[in-house]
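One structure below.
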Amino acid sequence: MTGRSSFHFFEDVWDVVKLIPAGKVTSYGAIASYLGSKQSSRMVGFAMNASHTRKDSIPAHRVVNRNGLLTGKHHFGEPDLMQKKLESEGILVKNDQIVDFSNHFWDPMIELSL
DNA sequence: AAGGTGACAGTTT
DNA sequence: TAAACTGCCACCT
């Protein structure tokens with residue numbers, strides 16, 4: 001490694017997001033932490049924004065902030081589309097917040113560490 | 001080419 | 001206690 005920062009942060013983020021099972025959700029910070037840059041949670045959100053430019057279907061609706069709040073719902077075309085998708089997977093959302101968030105939380109650091 | 005932006009999170013004042 | 005600042009790194013103009 002001669003200082004070559006070939007970090008495809010976005011691709012790594014998308015790869016993790018695609019591994020999130022239906023009915024589960026995770027946070028930006030959890031993904032960033034899994035990638036080794038827990039302070040880069042903002043980039044994870046930005047990667048979600050860029051996910052629209054990808055041909056691959058990124059389940060961005062399974063990624064919320066650490067409060068379980070659907071902060072990115074505004075980027076799904078329709079404001080309620082994110083909530084609909086989550087509810088369609090069995091996740092109950094109330095007032096833009098995931099009910100029983102910790103019960104549906106999927107930590108890549110743990111699940112992918114096996 | 002350089003600067004500003006962004007769907008967060010943690011720390012400090 | 002709550003509010004504000006900083007860190008982080010790729011993408012867009």
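Every chain is numbered from 1, with letters handed out A, B, ... down the list of sequences.
- In this structure, the side chain of A/N65 engages the main chain of A/N67 through a donor-acceptor pair within 3.5 Å.
- A heavy-atom distance below 4.0 Å to DNA chain B is reached by these residues of residues 13-27 of chain A, ordered by number: A/S27.
- A/M109 and A/F105 sit in two unconnected hydrophobic clusters of ILVMFWY residues. Membership requires side-chain heavy atoms under 4.5 Å apart, directly or through other members.
- In this entry the distance linking CZ of A/F105 with C1' of B/dA9 reads 13 Å, nearest Å.
- Taken from OG in A/S37 to CE in A/M43, the straight-line distance is 10.0 Å, to the nearest 0.5 Å.
- Side-chain heavy atoms closer than 4.5 Å link hydrophobic residues (I, L, V, M, F, W, Y) into clusters, and following such links, even through other members, never connects A/V63 to A/V99.
- Within the 4.0 angstrom heavy-atom criterion, only backbone atoms of the sugar-phosphate kind lie near A/S40; the bases stay farther away.
- In terms of heavy-atom proximity, A/R54 sits nearest to A/W14 at NE-CH2, 3.2 Å.
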What protein N or O atoms touch nucleotides 1-4 of chain C N or O atoms at under 3.5 angstrom, if any, and at what distances?
none

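- Under the 4.5 Å side-chain heavy-atom criterion for ILVMFWY residues, a single connected hydrophobic cluster contains both A/F101 and A/M82.
- Atom CD of A/E89 sits about 3.5 Å away from atom NE2 of A/H61, to the nearest 0.5 Å.
- Annotation: proximity of residues 78-86 of chain A to DNA chain C (heavy atom, distance under 4.0 Å) is found for no residue.
- At the heavy-atom level, A/A32 lies nowhere under 4.0 Å from the strands shown.
- Protein atom OH of A/Y34 is 22 Å distant from nucleotide atom P of C/dC8, rounded to whole Å.
- Following rounding to the nearest Å, A/I31 (CD1) and B/dA9 (P) show an atom-to-atom distance of 10 Å.
- Put simply, the side chain of A/H52 gets close to the backbone of A/H75: a donor and an acceptor are under 3.5 Å apart.
- Cluster membership check: A/L92 does not share its hydrophobic cluster with A/V64, using side-chain heavy-atom separations under 4.5 Å among Ile, Leu, Val, Met, Phe, Trp and Tyr.
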Test side chain to side chain contact (heavy atoms under 4.5 Å, CB included) applied to A/L70 and A/L86, step by step: CA-CA 10 Å; A/L70 279 57; A/L86 289 173; 3.7 Å; yes
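- The shortest heavy-atom contact between A/V13 and A/M48 is CG1-CE, 3.6 Å.
- Summarising the geometry of A/A60 relative to A/S51, their closest heavy-atom pair is CB-OG, 4.4 Å, with the distance given to 0.1 Å.
- Rounding to the nearest 0.5 Å gives a distance of 9.0 Å between CG of A/N95 and CD of A/Q83.
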For residues 17-29 of chain A, run the donor-acceptor check on the side chains, cut-off 3.5 Å, and write out each pair with its distance to 0.1 Å, sequence neighbours left out.
residue : atom : partner : partner atom : Å
A/K24   : NZ   : A/N103  : O            : 3.4
A/T26   : OG1  : A/W106  : O            : 2.9
A/S27   : OG   : A/A30   : N            : 3.1

Any N/O pairs under 3.5 Å between the protein and nucleotides 10-13 of chain B? List them or say none.
none

Dump the pairs, protein N or O against N or O of nucleotides 2-6 of chain B, anything under 3.5 Å, distances to one decimal.
residue : atom : partner : partner atom : Å
B/dG6   : O6   : A/R42   : NH2          : 2.8

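- Between A/I91 and A/R62, the closest side-chain pair of non-hydrogen atoms is not below 4.5 Å.
- Residue contacts shown for A/H61 are absent, as no nucleic acid heavy atom lies under 4.0 Å away.
- Linking ILVMFWY residues whenever their side-chain heavy atoms come closer than 4.5 Å, directly or via other members, places A/I58 and A/F9 in the same cluster.
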